[in-house]
Participant: 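Take a look at this one; I'll ask things after.
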Amino acid sequence: MAHVTATPSWAMLAYLIAGVLFILALRGLSSPATSRAGNRYGMIGMTIAMVTTLLTHGIASLPEIAGALAIGGGVGFVTARKIKMTDMPQLVAAFHSLVGLAAVLVGLAAYLNPGAFGILGADGTIEPQSRIEMGLGIAIGAITFSGSIIAFLKLAGKMSGSPILLPGRHVLNLGTLIAILGLVAYFTQDQSQWVIATITVLSFIIGFLLIIPIGGADMPVVVSMLNSYSGWAAAAMGFTLHNTAMIITGALVGSSGAILSYIMCKAMNRGFLSVIAGGFGAEAAATGGAAKEQRPWKRGSAEDAAYMMKEAENVIIIPGYGMAVSQAQHALREMGDVLKKEGVNVKYAIHPVAGRMPGHMNVLLAEANVPYDEVFELEDIQSEFAQADVAFIIGANDVVNPAAKTDKSSPIYGMPVFDVDKAKTIFFVKRSMGGVGYAGVDNDVFYMDQTMMLLADAKKMVEDIVKALAH
Amino acid sequence: MDFISILSIFVMACFVGYYVVWSVTPALHTPLMAVTNAISSVIVVGALVAAAAEGSAVSKWLGLGAVVLASVNIFGGFAVTERMLAMYKKKEKK
């Protein structure tokens, strides 16, 4: 292979070290205690990768590069400082879109100046193998970009979260994907500009088409999936550049996102393909809205809740997306503190798909200073509901719906849910009786004998309970 | 490096990624996404190569554009992860 500048072996070693540091960064996340050290390893790895690149590629245009780094770095840093924790899902989606777009730009730059990337063949054209890697990298990057933009708009509430269903979308999507793959194959024979341009444009379009039919409740899967794509895009570029740091990282991020998608799908008992095909929520809302019978339910007050929880021995709090929307996490922690002072054993139960991204609830509770050893995953706390005096559900719905266990016709059938019905008393904080969960199904828990509905804004209700507890 | 060595590194890294990610505690899944986001911006390496190279002005500008985008992610991603991780605290011992 005719490389313009062969990468010196010290640089290859440096990239390998960067790759290993990235592995350690993820390894650190196995426990909150080691996680911060892990993040530092990640930063060191990134610094090594960047400095090595600058040293081996001539620093002729350093002022421009320094300027670009300063602009990007400044924007990124300020955003990271200012962002509210509740807005984290859309921030992550926005960041994914940037990786995607960067991959497209790098791919196009490599196409226009293949000599600089050392991918010129002996005959003066780009090596066919590099063309495949480049084509795939650009395609995945473009899909990540436009898909993440849609995910961002949906998560930020700037676009309706309900699925948008185009007629014949499966045929259209499949056709476009096949066309992209076909063009990548054809690219090895003909490196004209129109081929790469068409691949880029079609990929932008398909990213957009793939995400618009997916509803808000499925966003955790989408965000994880786009996370995975951004990794594969980096890996594809790593193949083009023969760069170990990029390949290792791409593989890490790619598998990370794929595993998260798998965990999310499993927690909803839905196949990955059915999530990606989209439309969930639209059909369910249509059927759920039809025949609705009126059933009796009890309304509770903040005072009832305060009294019952003060007398309780074990209280389990189940937060959901509604808690994030009303920013109730701080008030909730205050309530927990007062109860703990009264000698009540308070625990938090978190469902894998609660919120809009994996781990969303955990971050919000951590923000409110809830110690992480009071927060439990579904399988760790499930057996404790039988001993719980109070189950306090705040902003969650589908994750406590017993229909998932009993009703085979329910859209959420088979999804693992909390056994709240085993608790002696249930308090259900909800804005009104009208709205149902994202899956659009009625919840039997509303009508149970031991349930009291606390109808109000989550934050306001919890604040009222804290006030009532003080008396 | 030839294609097979690169492919070997890639395949091995996929396995490492698989096992490392399964060991991440679910409570830290949001920081995991933020940090994977930051490290996937290692694509900045490609952007720097393009930005530093002579020969094509368009390619250089595309590279510089990619440097800006990737550095938003690098600085933003690591900073936001750091901010989140600082919030995770254990119960105070009495």
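We name chains A, B, ... by the order of the sequence lines, and we start the count at 1 in each one. It should be emphasised that the depicted structure is a prediction, and the values quoted were computed from it without experimental measurement. For the numbers below, each heavy atom of this structure counts, side chains included, while hydrogens, waters and symmetry mates do not.
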Participant: Looking at F77(A), I'd like to know if its CZ atom is crowded, meaning that more than 12 non-hydrogen atoms belonging to other residues, nucleotides or ligands lie closer than 6.0 Å.
Facilitator: no
Participant: With a 4.5 angstrom heavy-atom cut-off, is it the side chain or the backbone of L365(A) that approaches chain B, or both, or neither?
Facilitator: neither
Participant: Counting C-beta onward and ignoring hydrogens, is there a side-chain heavy-atom pair between P26(B) and N362(A) closer than 4.5 Å?
Facilitator: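 Not touching, per the 4.5 Å side-chain cut-off.
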Participant: Side chain, backbone, both or neither: which part of L260(A) has a heavy atom under 4.5 Å from chain B?
Facilitator: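 For L260(A), the side chain is the part near chain B, not the backbone.
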Participant: Identify which part of M246(A) has an atom lying under 4.5 Å from any heavy atom of chain B, answering side chain, backbone, both or neither.
Facilitator: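 Looking at M246(A), backbone and side chain both touch chain B.
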Participant: K82(A) versus chain B, heavy atoms under 4.5 Å apart: side chain, backbone, both or neither?
Facilitator: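 For K82(A), backbone heavy atoms alone lie under 4.5 Å from chain B.
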Participant: Please classify the contact between V104(A) and chain B as side chain, backbone, both or neither, with a heavy-atom cut-off of under 4.5 Å.
Facilitator: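 Contact with chain B: none, neither part.
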Participant: Which atoms of L101(A) come close to chain B, meaning under 4.5 Å heavy atom to heavy atom: side chain ones, backbone ones, both, or neither?
Facilitator: both
Participant: For H29(B) and G359(A), work out which heavy atoms get closest and say how close.
Facilitator: CB-N, 4.0 Å
Participant: Please classify the contact between A38(B) and chain A as side chain, backbone, both or neither, with a heavy-atom cut-off of under 4.5 Å.
Facilitator: backbone
Participant: Side-chain contact test, heavy atoms from C-beta onward, threshold under 4.5 Å: evaluate it for M46(A) versus F78(B) and give yes or no.
Facilitator: yes
Participant: May I ask you to decide if the ring planes of F239(A) and F10(B) are parallel, tilted or perpendicular, using 30° and 60° as cut-offs?
Facilitator: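 Because their plane-to-plane angle is over 60°, the rings of F239(A) and F10(B) count as perpendicular.
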Participant: Would you say S256(A)'s side chain and V21(B)'s backbone share a donor-acceptor pair under 3.5 angstrom?
Facilitator: no
Participant: Check whether any side-chain N or O of T53(A) sits under 3.5 Å from a backbone N or O of L48(B) as a donor-acceptor pair, and report yes or no.
Facilitator: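 A pair under 3.5 Å: no.
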Participant: Is it true that a side-chain atom of R83(B) and a backbone atom of R81(A) form a donor plus acceptor pair closer than 3.5 Å?
Facilitator: yes
Participant: Is the ring pair Y262(A)/W22(B) parallel, tilted or perpendicular, if the boundaries are 30 and 60 degrees?
Facilitator: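 Perpendicular.
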Participant: Looking at W61(B), F75(B), Y19(B), which has the largest count of heavy-atom pairs under 4.5 Å with chain A?
Facilitator: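 Among W61(B), F75(B), Y19(B), the one with the most close pairs to chain A is F75(B).
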Participant: Provide the closest heavy-atom pair for V67(B) versus A68(A) in the form atom of the first, atom of the second, distance.
Facilitator: CG1-CB, 3.7 Å
Participant: Measuring heavy-atom distances to chain B, does N113(A) have an atom under 4.5 Å in its side chain, in its backbone, in both, or in neither?
Facilitator: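 Both backbone and side chain of N113(A) come within 4.5 Å of chain B.
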Participant: Quick one: what part of V45(B) sits under 4.5 Å from any heavy atom of chain A, side chain, backbone, both or neither?
Facilitator: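 The answer is both parts of V45(B).
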Participant: Taking side chain as everything from C-beta outward and backbone as N, CA, C, O, which of these in L32(B) sits under 4.5 Å from a heavy atom of chain A? Side chain, backbone, both or neither.
Facilitator: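 Contact with chain A is through both the backbone and side chain of L32(B).
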Participant: Tell me every residue that passes side-chain contact (heavy atoms from CB on, under 4.5 Å) with A80(A), counting only those two or more places apart in sequence or in another chain.
Facilitator: A79(B), V80(B)
Participant: Side chain, backbone, both or neither: which part of N39(A) has a non-hydrogen atom closer than 4.5 Å to chain B?
Facilitator: both
Participant: Checking Y15(A) against chain B: side chain, backbone, both or neither under 4.5 Å from a heavy atom?
Facilitator: side chain
Participant: Please classify the contact of V99(A) with chain B as side chain, backbone, both or neither, using a heavy-atom distance under 4.5 Å.
Facilitator: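 Its backbone and side chain both get close to chain B.
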Participant: Using non-hydrogen atoms only, which part of M12(A) is less than 4.5 Å away from chain B: side chain, backbone, both, or neither?
Facilitator: side chain
Participant: Side chains of T36(B) and L26(A), heavy atoms from C-beta outward: is any pair under 4.5 Å?
Facilitator: yes
Participant: Heavy-atom distance under 4.5 Å to chain B: side chain of S97(A), backbone, both or neither?
Facilitator: neither
Participant: Between M85(A) and M84(B), is there a side-chain heavy-atom distance shorter than 4.5 Å?
Facilitator: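 Answer yes - side chains close enough.
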Participant: Sorted by first residue and then second, give each salt bridge (Lys or Arg N to Asp or Glu O under 4.0 Å) pair with at least one member in residues 98-114 of chain A; sequence neighbours left out.
Facilitator: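 Passing the test, one end in residues 98-114 of chain A: no pairs.
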Participant: Is M50(A) in contact with chain B via its backbone, its side chain, both, or neither, using a 4.5 Å heavy-atom distance?
Facilitator: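 Both parts, backbone and side chain.
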Participant: Heavy-atom distance under 4.5 Å to chain A: side chain of V35(B), backbone, both or neither?
Facilitator: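 It is the side chain, since no backbone atom gets that close.
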